[in-house]
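One structure below.
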Number of protein chains: 2
Amino acid sequence: MEKRIPITVAEAVKKVMEAAGAGTKETIHIDQAYGRRLAEDVVAKHPVPPFNRSPYDGFAIRARDSETASRDHPLTFRVIGEIGAGEVFSGEVKEREAVRIMTGAQVPESCDAVVMFELTAEHSDGPAQYITIKRPFMPGDHISFAGEDTPEGKVLVSKGEYINPGVMALLATFGYSTVEVAEKPVIGVFATGSELLDVHEELQPGKIRNSNAHMILAQIERAGAAPLYFGKLPDQFDLCLSAIQEALQKVDLLITTGGVSVGDFDLLPDIYKEIGAEVLFNKVAMRPGSVTTVAETNNKVLFGLSGNPSACYVGFELFVRPVILHQSFSEKPHLKKVKAELAGDFLKPNPFTRFIRSSLRIEDGVLQADPSGFNKSNAVAVLAYTDALTMLPGGTRGFQKGDQVDVLLLDSPEGSEWPWE
Amino acid sequence: MEKRIPITVAEAVKKVMEAAGAGTKETIHIDQAYGRRLAEDVVAKHPVPPFNRSPYDGFAIRARDSETASRDHPLTFRVIGEIGAGEVFSGEVKEREAVRIMTGAQVPESCDAVVMFELTAEHSDGPAQYITIKRPFMPGDHISFAGEDTPEGKVLVSKGEYINPGVMALLATFGYSTVEVAEKPVIGVFATGSELLDVHEELQPGKIRNSNAHMILAQIERAGAAPLYFGKLPDQFDLCLSAIQEALQKVDLLITTGGVSVGDFDLLPDIYKEIGAEVLFNKVAMRPGSVTTVAETNNKVLFGLSGNPSACYVGFELFVRPVILHQSFSEKPHLKKVKAELAGDFLKPNPFTRFIRSSLRIEDGVLQADPSGFNKSNAVAVLAYTDALTMLPGGTRGFQKGDQVDVLLLDSPEGSEWPWE
């Protein structure tokens, strides 16, 4: 029987990242950009606001004309025009003159304050319009000055970042009608296992439905890549080999689930040999997922993930996700690591690093990681409530409720640069 | 000038929720289900595992036959067959017999323990195969028993929940080849404001590009609905009226951004009157977004959000998102509310409830809400880093760094039932 030598999670991740090729970019219309990753910096192409603008509906005046206004001595201004949003007032505003101005409109050059409607009283005398004000205003009052939000040329969001609704607003503000984004890496998936039924098939003795494929296709989407499912690998060596060779032409990364155990019926090691793929590792000092195998051929990484659902899930997030994010230009391709309080006991030590599927909650501002149900590595149901992996280092000690532990977040568009020791 | 009476955020949200119609459901293929919301419970249609299965590669035996095995007195078992994953062993396993079994395969009925490969030594004598073992095994050793993960009939995930990769695994496991999900509500968007340029247009004096529309279309997608952008509303009353009437035929909810200020050029109040829409409120005691207007006609809600980007953003998340989630069968349609430590000072009190755009970080397990940049309500850039709204209640007190405050999470697929007092 083959003897496998486990390497640490950090070593394994390092090897995978070294084997990962670079990403490619594409130019898309802004309407398609939400949820993608930037392949260029978003730069302020003009100051924001681009001009001195009024944040309220009101009247633009010269502040110095209001100096002596008071409750007892209100001052009257003549209204000489009005500016709708998007309009420009080209005349000059002189002493004791005012221009009616709408929210968002450009403040006339000769004015340096805006008086809100609520602070004025209006009256007219024939065609002539007037306002009175009962307090003085300072230069700059109620004006949003050009550039006060953002100066021109500033990098606002960096290449590799996730495009959220706020980033969409910035792209639109600065005229990015097309956006350079990371092309979604195409991730192929094969299932292996003669025990696997398709989702529409009736259950049969000894068999189970193939849940891993559906799960991992969703994980691929969550990581921002494009999944491509090839179905089940054939059991025969030649058919299996040609299926993998054909698939490799169409994908950036290839995942197989199942068939990586130390067993008799596993064709993958021989297939790796046949296609000249270098096996980077075939055992990792972790639970679940210790039998994860990763190989490389022609700058394409082949992931042999366990057929066990939880091991498959964890293996994807630790090893495949960072490659996808790296190929999407992210500088922080790994799961975001934070500290949390353990909400359950894990008293039995384990020589391997454990990744406990957990659900997070925040109690009085403190993050707690709750192991989702009992934690056998074949527990399918708990994955539905998993939004984090609690990382318990291997060794001779157990862990108990209240211990501070490291936690990897699964739903965050943010990431970590290198969460491993 | 019209006088508006502000109502509290809680009252405003309550009015909106009362006006919101029910959602509808549709049946889709499992391949399309990731990221949708369930319109049915996910039920365990069989126990998991469905049979007693082997979690390892090894040999199935009768535990009682190993009772006397020890290092000094190893016992020999005859290997009488093998079971690949998905196969069933139909023979009977008798005294000192073993069956080779692969990970995931069904344990023969006459066996009650599995011995891992690593704990056996194999030898053969002609065609006959044998193993020796050096320790006793107990009944149940290394068997995953039928139903130990999940009993049949258990509700695993409830209607209204978000379909994440773990839920996908469950759907596949239980044969949901089609899934009932919430139909995505269609949310129409109109922009108003003659100062608005399209994203591809050159900047002009007094004008700005329309960033709100792109932002809010992304917010609609993030909330799980289908955005439908109708462009800019015409400035003329008749054209504006017919545009809104036509749009209402195509959408479940209608949003307009801009044109809700207490100003001269706003056509919307008259349009609401003309189409017989009841105005639920037109001022809310909040910052930003106090001029938010919501009206209802024929079970459709019309949202008049501020043209100010931050007010528009906040107004969407507080008022539109819960309607979308409610129509997606979520029992917790509001933004998830948690406690966090304030990471900056807000010493100046404000009579209105404030929603401060913030970015979250976790320091040593403690959630901190960091106000993203300086907080003028027209700051576009900060929205890119916003993943939470810090809620500062209105009143006579200010807030300082370190205070525990309420925070609404923007990126969480989870929600709150009713986060308001």
Side-chain angles (χ1 to χ4, degrees), chain A residues 30 34 46 48 50 55 57 84-88 102-104 106 144 149-150 156-157 165-170 172-173 175 177 193-195 199-200 203 205-207 209 211 214-215 218-219 221-222 261-263 265 309 338-341 362 364-367 378-381 383-384 386 404, chain B residues 30 34 46 48 50 55 57 84-88 102-104 106 144 149-150 156-157 165-170 172-173 175 177 193-195 199-200 203 205-207 209 211 214-215 218-219 221-222 261-263 265 309 338-341 362 364-367 378-381 383-384 386 404:
Chain A
I30 186 174
Y34 169 63
H46 58 71
V48 178
D57 293 337
E87 291 174 5
V88 176
M102 295 299 120
T103 304
Q106 182 167 351
S144 299
D149 283 357
T150 302
L156 299 170
V157 191
V167 176
M168 287 297 285
L170 291 180
T173 298
S177 54
S194 40
E195 79 280 21
V199 61
H200 63 271
L203 217 54
K207 305 213 167 188
R209 293 200 190 84
S211 61
H214 292 277
M215 177 182 79
Q219 287 177 284
E221 275 196 64
R222 178 167 68 184
S261 295
V262 188
F265 297 167
V338 299
K339 297 277 182 200
E341 209 174 73
I362 294 158
D364 279 335
V366 176
L367 191 65
N378 53 359
V380 167
L383 286 176
T386 296
Q404 198 175 65
Chain B
I30 187 174
Y34 170 64
H46 59 70
V48 178
D57 293 336
E87 291 175 6
V88 176
M102 295 299 120
T103 304
Q106 182 166 353
S144 300
D149 283 358
T150 301
L156 300 170
V157 191
V167 176
M168 287 296 286
L170 291 181
T173 299
S177 54
S194 42
E195 78 280 21
V199 61
H200 64 270
L203 216 54
K207 304 211 168 189
R209 293 199 191 84
S211 61
H214 293 276
M215 178 182 79
Q219 287 177 285
E221 275 196 64
R222 178 166 69 182
S261 295
V262 188
F265 299 169
V338 298
K339 296 277 181 198
E341 209 174 74
I362 293 158
D364 281 334
V366 177
L367 191 66
N378 53 358
V380 166
L383 286 176
T386 295
Q404 198 174 65

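Owing to the predicted nature of the structure, the values given are computational and were not obtained by experimental measurement. First the proteins, then the strands, lettered A, B, ... as listed; each starts at 1.
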Structural part of B:Leu156 lying under 4.5 Å from a heavy atom of chain A: both
Residues B:Ala169 and A:Ser211: closest non-hydrogen pair is O-CB, 3.3 Å
Considering only heavy atoms and a distance below 4.5 Å, find which of A:Glu221, A:Met168, A:Arg222 pairs most often with chain B. A:Arg222
Without swapping roles, check the side chain of B:Thr103 against the backbone of B:Asp57 for a donor-acceptor pair under 3.5 Å. yes
Chain B interface, residue from A:Gly365, A:Pro205, A:Ser177, A:Pro50 that has the most non-hydrogen pairs under 4.5 Å: A:Gly365
Quick one: pull up CG in B:Asp364 and CG in A:Leu367 and give me the separation to the nearest 0.5 Å. 11.5 Å
Applying a strict 4.5 Å limit to non-hydrogen atoms, the region of A:Gln404 in contact with chain B is side chain
Note: A:Ile30 and A:Ala172 closest approach over all heavy atoms is CD1-N, 3.7 Å
Closest contact, heavy atoms only, B:Gly86 versus A:Glu195: N-CB, 3.0 Å
Side chain from CB out, backbone as N, CA, C, O: work out which of these in B:His214 comes under 4.5 Å of a heavy atom of chain A, or both, or neither. both
When heavy-atom pairs shorter than 4.5 Å are enumerated against chain B, which of A:Gln106, A:Arg209, A:Lys339 gives the highest number? A:Arg209
Which bit of A:Val88 is near chain B, if near means a heavy-atom gap under 4.5 Å: side chain, backbone, both or neither? side chain
Under 4.5 Å from any heavy atom of chain B - which part of A:His200: both
